[in-house]
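Order of the sequence lines sets the chain letters (A, B, ...), proteins ahead of strands, with each chain counted from 1.
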Amino acid sequence: MNFVEELRWRGMLHDIMPGTEDILNKGMVSGYIGFDPTADSLHVGSLAQIMSLIHFQRAGHKPFALIGGATGMVGDPSGKSAERNLLSEDTLQHNLQGIKSQLERFLDFDSGANSAQMVNNYDWFKDFTFLNFIRDVGKHITVNYMMAKDSVKNRINGDTGMSFTEFTYQLVQGYDFYYLWKNHNCVLQMGGSDQWGNIVTGTELIRRKDAGEAYALTTQLIKKADGTKFGKTEGGNIWLDAEKTSPYKFYQFWLNTSDEDAKSYIRIFTLFEKEIIESLEAEQDAAPHTRVLQKALAKDITIRVHGEAEYEKAIKSSEFLFGNIGIEFLNELNDAEVLGLFEGVPNFTIKLSDLQAGLNVVDLLASHTAVFPSKGEAKKMIQGGGTAINKVKIASADDSYSVDALINGKYLVAQKGKKNYFLIIAE
RNA sequence: GGGGGGAUACCAGAGCGGUCAAAUGGGACGGACUGUAAAUCCGUUGCUUCGGCUACGAAGGUUCGAAUCCUUCUCCCCCCA
C-alpha cells in the first residue's frame with residue numbers, strides 16, 4: 001500500500017497538494033517533518049507526526065526529521081494567541097539532545113538508501129546574516145502573501161498583536177524547506193494541519209526562487225471526542241521520557257482512552273493492519289467492557305516507547321492497583337518486588353516512630369506526606385468519601401493509623417480518588 | 001500628547017460601606033452509576049492548632065467597620081492626535 005493510501009485509511013490525512021501522490025508513486029522521495037525543541041522530550045502530541053514519518057519510511061521513502069534549533073528561537077505563531085517566550089541557546093541545545101535520542105527509537109537510521117536522517121536548522125541559520133536573509137529570501141515573498149495566512153490574520157485582527165519576529169516565522173520555516181529541497185532533494189514537507197500555511201510558504205519560495213516543484217501534506221490534528229485537548233491529564237502533559245511520565249502512567253493514559261477515541265487512535269498510533277484493527281473493533285463492540293481496543297493500543301505504544309520490560313511492569317502494577325487482588329498480596333512480596341510494583345506511583349517515606357502511637361490520617365496525608373497539599377483539602381476529600389488506605393475507605397478524618405496497619409511491617413497504600421495511588425514507606 | 005473605561009478566586013464574570021471567604025457559569029477535583037469508557041446526577045473548589053488568620057492590581061488614607069469611598073502608583077483596553 002502506498003504512503004498516501006495508508007494515511008487515508010488510517011484517517012490521518014488532512015490536506016494534500018495536487019501532484020503529491022503522483023510524485024510519491026514514481027519512486028523514492030525525501031520528505032520531512034519539523035519538531036519543536038520547546039522541551040527536552042517529545043510528548044504524545046508529537047507522536048502522530050512521528051507515525052507519519054514511520055509510515056513514510058515503511059513505504060520506501062526517505063524521512064528527514066528536522067529539529068527546529070533556529071525556529072525554536074523564534075516561535076511559531078500558528079495556533080497561538082499570544083507572543084511566545086523565546087528559549088535560550090543553552091536550553092535549546094539541551095532539548096535538541098533529548099529529542100534526538102527519542103527520535104532514534106522510532107525511525108531506522110540505518111536502512112540503506114532510505115535511512116532516516118536528522119537535521120537541525122540552526123546549522124544553516126546560525127551564519128545566515130539578517131541582510132542576506134532579507135535579500136535572498138525576503139525578496140521573493142510579498143508581505144501581502146504573508147499577511148493572508150490565518151496564523152497572521154488571526155493575530156492582527158485580535159487584540160494581542162504580533163511581533164515582527166513571529167511575523168517572520170513563516171519565512172524562516174519556508175527557507176528550511178527551500179534549504180532541504182536544494183541540498184537534500186527533499187520535495188515534501190509534512191506536518192499537522194495547523195502547519196499548512198507555513199509549509200505552503202516553503203513551496204512558494206521554492207517556486208519563486210528557483211522555479212522548483214515541492215509538495216505539501218498535512219495530517220489531522222488529534223482530537224478527543226469530547227472536544228478537550230489530547231495528550232493532557234490532571235498531571236499535565238504525557239511525555240515520552242520515562243523520567244517525566246512513568247511507563248505506568250503512560251500505559252494508564254492510553255488505557256483510559258474513551259471507546260470512541262480508541263477507534264481512531266489505534267489507527268493513528270499503531271501499525272496494526274486494517275484487518276486486525278477491524279477484528280479488534282468487532283470484539284470490542286461485542287463486549288465493550290473488555291476494552292480490547294484500549295488494551296491493544298496501550299500495549300503497542302508502551303512497548304514501542306518504553307520497551308517490553310517496562311510494559312510488563314506497567315501491566316503488573318495496573319493489575320494490582322485496579323484488579324481484584326487484595327492488599328494482602330503485598331505480604332507475599334519482598335521489598336524489591338513491592339517497589340517494582342509501585343514504580344511510577346508517587347511514594348513518600350515517613351518515620352516508623354511517627355506511627356508508633358497512632359497517627360491521625362489528616363496529618364499522615366497532608367503533613368507527613370504530600371498526598372494532599374493541605375489539611376483542609378484532605379479533610380474535605382475524606383468527608384467526600386474519596387480517600388482510602390490499603391484499599392479501605394477512610395471513614396472519618398479523625399481516624400488514626402498505627403504500625404498495625406502497615407503491610408509487610410513497612411508499607412501503606414494511600415488512594416486519592418479511584419485512580420491516584422501513593423505508596424507510603426515507614427522506616 | 002488629550003479623553004474615557006477597567007484590574008475581583010484556575011478562567012469568565014456579579015458584587016447597596018457592615019448580613020462577603022465574595023453570586024453565577026465554565027473548568028478542575030471527588031462521589032454514585034458503569035467497564036479504570038462516554039453520558040447523567042450529586043458534592044467540593046483560601047489557610048487553619050477550628051479560636052481565628054490572610055485575601056478583591058500595589059501602597060497609603062477616611063471610617064467603629066472597606067472588594068465597595070479618597071489619594072498616589074503600576075498595568076491593560078478603547079477613542080482622538
Participant: Are A:Tyr411 and A:Phe342, when compared by the centres of their aromatic rings, separated by less than 6.0 Å?
Facilitator: no
Participant: For the pair made of CE in A:Met381 and C1' in B:U45, what is the distance, rounded to whole Å?
Facilitator: 10 Å
Participant: What donor-acceptor contacts under 3.5 angstrom involve side-chain atoms of residues 139-146 of chain A, with partners at least two apart or in another chain?
Facilitator:
{"residue": "A:His140", "atom": "NE2", "partner": "A:Asp136", "partner atom": "O", "Å": "3.3"}
{"residue": "A:Thr142", "atom": "OG1", "partner": "A:Tyr145", "partner atom": "N", "Å": "3.0"}
{"residue": "A:Tyr145", "atom": "OH", "partner": "A:Lys149", "partner atom": "NZ", "Å": "3.2"}

Participant: What's touching nucleotides 46-50 of chain B from the protein side, N or O pairs under 3.5 Å?
Facilitator:
{"residue": "B:C47", "atom": "OP1", "partner": "A:Ser374", "partner atom": "OG", "Å": "3.3"}
{"residue": "B:U48", "atom": "OP1", "partner": "A:Lys375", "partner atom": "N", "Å": "2.9"}
{"residue": "B:U48", "atom": "OP2", "partner": "A:Gly376", "partner atom": "N", "Å": "2.7"}
{"residue": "B:U49", "atom": "OP1", "partner": "A:Lys375", "partner atom": "NZ", "Å": "3.2"}
{"residue": "B:C50", "atom": "N4", "partner": "A:Lys379", "partner atom": "NZ", "Å": "3.0"}

Participant: Under a 3.5 Å cut-off for both distances, is B:C20 Watson-Crick or wobble paired, and to whom?
Facilitator: none
Participant: Restricting to pairs with a member in residues 387-401 of chain A, which pass side-chain hydrogen bond (donor to acceptor under 3.5 Å, both in side chains), not counting sequence neighbours?
Facilitator: none
Participant: Only pairs with both distances under 3.5 Å count, Watson-Crick or wobble alike; so what is the partner of B:U49 in this structure?
Facilitator: none
Participant: For residues 344-355 of chain A, which residue pairs qualify under side-chain hydrogen bond (donor to acceptor under 3.5 Å, both in side chains), counting only residues two or more places apart or in two chains?
Facilitator: A:Asp354-A:His368
Participant: With the criterion being N/O to N/O and under 3.5 Å, what pairs connect the protein with nucleotides 36-43 of chain B, and how long is each?
Facilitator:
{"residue": "B:U36", "atom": "O2'", "partner": "A:Asn256", "partner atom": "OD1", "Å": "2.8"}
{"residue": "B:U36", "atom": "O2'", "partner": "A:Arg291", "partner atom": "NH1", "Å": "3.4"}
{"residue": "B:U36", "atom": "O2", "partner": "A:Gln252", "partner atom": "OE1", "Å": "2.8"}
{"residue": "B:U36", "atom": "O2", "partner": "A:Asn256", "partner atom": "OD1", "Å": "3.3"}
{"residue": "B:U36", "atom": "O2", "partner": "A:Asn256", "partner atom": "ND2", "Å": "3.4"}
{"residue": "B:U36", "atom": "N3", "partner": "A:Gln252", "partner atom": "OE1", "Å": "3.0"}
{"residue": "B:U36", "atom": "N3", "partner": "A:Gln252", "partner atom": "NE2", "Å": "3.3"}
{"residue": "B:U36", "atom": "O4", "partner": "A:Gln252", "partner atom": "NE2", "Å": "3.4"}
{"residue": "B:A37", "atom": "OP1", "partner": "A:Lys419", "partner atom": "NZ", "Å": "3.2"}

Participant: Measure NZ/A:Lys416 against P/B:C29 and give the value in whole Å, please.
Facilitator: 10 Å
Participant: Applying a 3.5 Å limit to both distances, which nucleotide forms a Watson-Crick or G-U wobble pair with B:C10?
Facilitator: B:G26
Participant: Sequence neighbours left out, what passes ring-ring contact (aromatic ring centres under 6.0 Å, His included) with A:Phe269? Give chain and number order.
Facilitator: A:Phe230, A:Trp254, A:Tyr265
